[in-house]
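The structure appears below as structure tokens.
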Amino acid sequence: MAPRKPREREMLLESVIALIFIFVACVDLCDGATVVDVYRLIQYDMSGVPFGSRLASLNHHAASLHFSPHADLSRTVLLIPLRELNMSFVKEYIAESKPLGGLIFLLPRMFSFENKDGMGSNHQDESKELLKNALDELEQILIHANVPYPVYFAFEDDNIDAVLTDIKKNDVTGQPATATTGGYKFVVSAPEPKKVVSPPITNIQGWLAGLKTDDDAHQLPTIAIVASYDTFGAAPALSVGSDSNGSGIVALLEVARLFSLLYSNPKTRGQYNLLFGLTSGGPYNYNGTHKWLRSFDQRLRESIDYAICLDSIGSWENELWIHVSKPPENAFIKKIHEDFSRVAAELGFKVNLKHKKINISNPRTGGLVDGRHFVNEAAIVRSVKLIAESLARHIYGHQGKNIQIFADNSNLAVNPSYVQSWLDVLSQTPRVAPFLSKGDPFVMALKKELEDHTDEVNLHRDVLDGMFTFYDSTRAKLNIYQVASVTFDLLLLLVLGSYLIVLFSFLVITTRGLDDLISLFRRPPSRKVKTA
Amino acid sequence: MTVFHFFNCAILTFGPHAVYYSATPLSEYDTLGTSIKAAVVYLATALVKLICLATFLKVSESDSFDPYQEFLKALIGFIDVAGLYFALTQLTHRNISQNHKFQAVGLGWAFADSVLHRLAPLWVGARGLEFTWDYILQGLEANANLVLSISLAALGSLMWLRKNKPKTLIPIIYLSAGIVATMPSITSYLRRGLGWHFPKVVGFELFTSLVMAFISWQLFSVCQRPSV
């Protein structure tokens, strides 16, 4: 029994060690040099024609714009800061379909809606404007191209800036990042993008009923205030559309709030119905608005006196544009323009009229540049005041009178805090319609807010028409690894082999010397005496 | 790190043990059993140390150098010396001379230590893509640890197995053994107390292990000389 104890103990320990190894092998460790949030260029088909970034997963070495002119980039990810972007380079590579492993554009932090620095700053310096124009142009190129490799956007931070500096250094010294010279490897593990089946669009409708007198038998006229709440951009997860059309949403909500105060009292209730509409699908030929209008019954449609659509009113300075579809000589248009111009003159700015056939085939896009940093909430406040005052004069028949219903410092004043809070929320909420789920929390928040200010709120649900097909996988995590080259490992193997050979030789010599030393002292005493 | 790099680091970590065994006369005297037994004793000693560390040490939130805790760790580290004493004196060795006995024990001890402390990190590191110099430095540290283990085994052999050592050398033998035994605490102090980086610590370990090996070798050679 005694000799078996060591063996049993040994087997037990081996089992424990094996269990430890199995446990360790099952643990999924994240050991990248750095992990960066990346946002994918939109992928969509328009009438079956593919556009955008057609792949999501990425597993290539990284390079910068300083790569060697003869380098093969088909298995390379280019990391390009927007500040160094050469637009002709992008056009060349995309238009001519040159092979690339991937593209990652580094955007300055001011385009990030999570960046709180400088919130509300209206200082439009030169470099900011240049970057804005560059990003806008880049966005247009990418949206209208078919890119067969992954394209991502990321924001500058200390980690990825350090990686970029290293990559530039390697590229300048003429070491293209291939499998034999090491460098950085960019890995995005993402599944194959799938189609968004029947993307839902939801329209929100609010209603403020006008005061109906007993002797009046016919329907009250209706004024409709409409705004699209979604936007479009190259990266759906980054498209917040603060100006187009976040400003419209904010203005509509504030107008609804102001008129709910007036209409809550029968003495101040007007003889017009007010219809508020927050519609989706704006960038896609106003698909949602079209479906919403089609859902109206005949009587409601006929009762609409006029409709005003609020769009991109957060970035103007001294001039506001009104687009009308009828000629300016029309008596009705002239009257409306006079009303708006008079109120605008009182508020200190000018309203311009533009006669233009409303072409819904030319959709507006907010884009990645449309962020909180570029929206002026004072402009929205002035817009709200103009719209509310003009509507009120139209409703209560105060044309020509110098009465301010929504005067400053009164209980009916426009609330800048309300405007600012909603603008902040909208500037942090990506709102590309195909990626808003049915019952999206944001849509529910808009509905609840409208319910607070109107008599009844309805949701009108539909699906986006089949001309557009969208694909998912709009955001991912980029793992950046610093990898060693095979050449380095071969060299290391040679060094280790040499080391072991030298160690072997040294040990043999040492042990032989020791044996000789021992055997030397074990010689017969006679020889020792003889030597002495 | 790639699988190729994993094999390179494994060769650097475990290769010297095999080279030592095959290059020296250990392979001719059938000392593998002794090495295996020494490895088993090491594992048992490590288990006892683990229990003592869990019982007597408190987990510090900050990574600062606490002299009292470090002193306690050094005391617990002397369990290694007790384990080595057990391996050198209590294991039954069949016709193995003292020269080869301490080498076999030291080799088994160092190998078990490397397996226990370095094979798992190597295994985990092989799964990742990230290249760091840490695994190469860990391999070099394993080499230093092998040298230190054999030095400590040699000194232990002199202290406990050799009877007729010269009187003037006894303090030097005990002092050297004390230095080698406290080497883990010394490196811990350098790393956490003085803030040395891993490459510097490994360099210090290599240098110190070579110096202690030389001293141990000289002491052992002197004690081999028959006294008049």
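Below, chain A is the first sequence line, B the second, and so on; all start at residue 1.
Here the SG-CG distance, from B:Cys9 to A:Leu496, works out to 8.0 Å after rounding to the nearest 0.5 Å. From B:Ile136, atom CD1 reaches atom CG of A:Leu492 across 4.5 Å, with rounding to the nearest 0.5 Å. Taking CG from B:Leu12 and OH from A:Tyr499, the interatomic distance works out to 7.0 Å, rounded to the nearest 0.5 Å.
Side-chain contact between A:Leu493 and B:Ile11: present, with at least one pair of heavy atoms (C-beta onward) separated by less than 4.5 Å. B:Tyr20 places none of its side-chain heavy atoms less than 4.5 Å from the side chain of A:Leu503.
Under the side chain to side chain donor-acceptor pair (under 3.5 Å) criterion, no residue pair touches residues 199-212 of chain B, with sequence neighbours excluded.
By the 6.0 Å contact criterion, CZ on B:Phe198 is enclosed, its count of non-hydrogen atoms from other residues, nucleotides or ligands being greater than 12. Within a 6.0 Å sphere centred on CZ of B:Phe111, heavy atoms belonging to other residues, nucleotides or ligands number 12 at most.
In this structure A:Tyr149 satisfies the side chain to side chain donor-acceptor pair (under 3.5 Å) test with no other residue, sequence neighbours excluded.
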